[in-house]
Amino acid sequence: MVKESRFNLFYDVEEESKFLAYNSRTGALALMKKDDYHVFQNMKNKNFTQLSEAEEKLINDMKEGGYLIDDSIDELQLIKYEQNRAKFNSRSLGLTIAPTLGCNFRCVYCYQKDHDDYSKMSEITQDHLLSFISREINNINSLSITWYGGEPLLALDVIENLSLKLIELCKQNNVAYSATLVTNGYLLNKKIVETLKKSNIEFMQVTLDGCEETHNEKRFLVGNQPTFRKILENLSEIINDFRNISLRVNTDKKNKDEVFKIFDILKEYELYGKIIPYLAYVEPINNTYDESNCLSIEEFTKISNNFQDEARKAIVNSNIMSRYPSARLNYCGADLCNSYVIDPNGNLYKCWSDIGRDEYCVGDLEHGVTKYKQILKYSMYDVINDKECTDCKILPLCAGGCPRRRVDGIVDRCSELKVNLESYLRKVMEFRKNNKTNEGCQTNIFESCI
Amino acid sequence: MEYLVKPIEIEESRAACNSSRFHDSCPDHCWGQICKPRMDPA
């Protein structure tokens, strides 16, 4: 016996007399003739009994995409099982390391503190970090590092020193090593890029918040000096030596009307098509930014959707599939057992927004995890006990939303996909219809970025 | 049913991913840039 999945969504494709059928748990997407859709509805009324041969065939077709499932399966329990499997998988170790919390910027929305403390991670703490990872190295098959801050390039020597040792440690133990960097971009130059490449950093994120005047009002140096031109000049200098750079545009009510000018700015600095801009949502984390400046998720999503379409035009061989919505088994490092954020003193946290705040600390490098309050709050949340979430047809796509927002009691924490899923799936439909191979199969789902 | 995306494609891309950390917890806006390198089979 079968039953209908609770995560089916059907969108009318009127011009083809079909429905676009999507299942948010399996990620299946299919075009279904309207006649078949009506047969399906009729079968539901008969509780999938006394079926004709044609109905049996349709059932088998729909089972492949998970639109119909074995009626003994509780899909919510299945989601819980898959999420737990991901959350408590200890084969990957993910560390976000702040080699300093000092920063040369004073961004208006920054949620951190201790920017005036320019001390770097000491050699003793670096040794503790290496010991911490060494204790895990035999249990993992990949180590992912994100260099973070403060401004991490203020402690480039720490990044280089630790990277070389970690790369060697991973090599000796046959563990895959990867690293990324989050920087404000002010200090970037060719020489620094050489060090970053030597440190196996393969991707970096830089931020630019709109046009010159707005950016400089939001992201200025300690002494209030502007940063806009310097960042763009630096990116122009390094772009041929370091190609994997994304440009984050923190978006709120103050710059929402000018974010599209970013494309002209990139053209002016010959960065268009080389650096990929994306919009990020500004939120009042740790009550450090006036909430009245922030957009709602819905407002933000509408702007972000159009921005993505524009950004995609800049990329040769762009592929909409890179952002295809599929089940999210966990939300972020906060709800994973083997993921930590580390401050320069060797304190451990679970969320980037928690760094430097004692009340959120979960332990330290020397002693490991000793405080479980935050860990339990972030990791043990059971989405199937949340009525609003279990009633939602796209629950598998968001895993219950940002753990930190959840803990803080923020109501507006639903995924952007709640707003833009249908329009995105319609774009995928057009893309896939136009990219069929001779065998009727489609192009590889993630074959090119964007 | 004319399938445009089959579940097996998603499972394969997940299996090819080096690190579950970024693929499964890819930030909404990363555009695959953070997780993309891990989607390519080593």
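Below, chains carry the letters A, B, ... as their sequence lines are ordered, and counting in each starts from 1.
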Counting N and O atoms only, with roles assigned by atom type, does the side chain of B/Tyr3 sit under 3.5 Å from a partner on the main chain of A/Asp61, one being a donor and the other an acceptor?
-> yes

Practice item. For the residue pair B/Met1 and A/Leu31, establish whether any side-chain heavy-atom pair is separated by less than 4.5 Å. Key: no

For A/Lys34, is the NZ atom crowded, meaning more than 12 foreign heavy atoms sit under 6.0 Å from it?
yes

The ring-ring contact (aromatic ring centres under 6.0 Å, His included) partners of A/Phe40 (sequence neighbours excluded) come to A/Phe10

Whatever's closer than 4.5 Å to a heavy atom in chain B on A/Tyr22 counts as neither

- Query: Taking NZ, NE, NH1 and NH2 as the nitrogens, is one of them in B/Glu2 or A/Lys33 under 4.0 Å from a carboxylate oxygen of the other?
  - Reply: no

Okay, A/Leu417 and chain B: the region with an atom under 4.5 Å from a heavy atom over there is neither

For A/Arg85, does the CZ atom have more than 12 heavy-atom neighbours from other residues, nucleotides or ligands under 6.0 Å away?
no

Item to complete: State, yes or no, whether a side-chain contact exists between A/Leu425 and B/Leu4 at a heavy-atom distance under 4.5 Å.
Response: no

Residues A/Gly65 and B/Pro7: closest non-hydrogen pair is CA-CG, 3.9 Å

Applying a strict 4.5 Å limit to non-hydrogen atoms, the region of A/Lys18 in contact with chain B is side chain

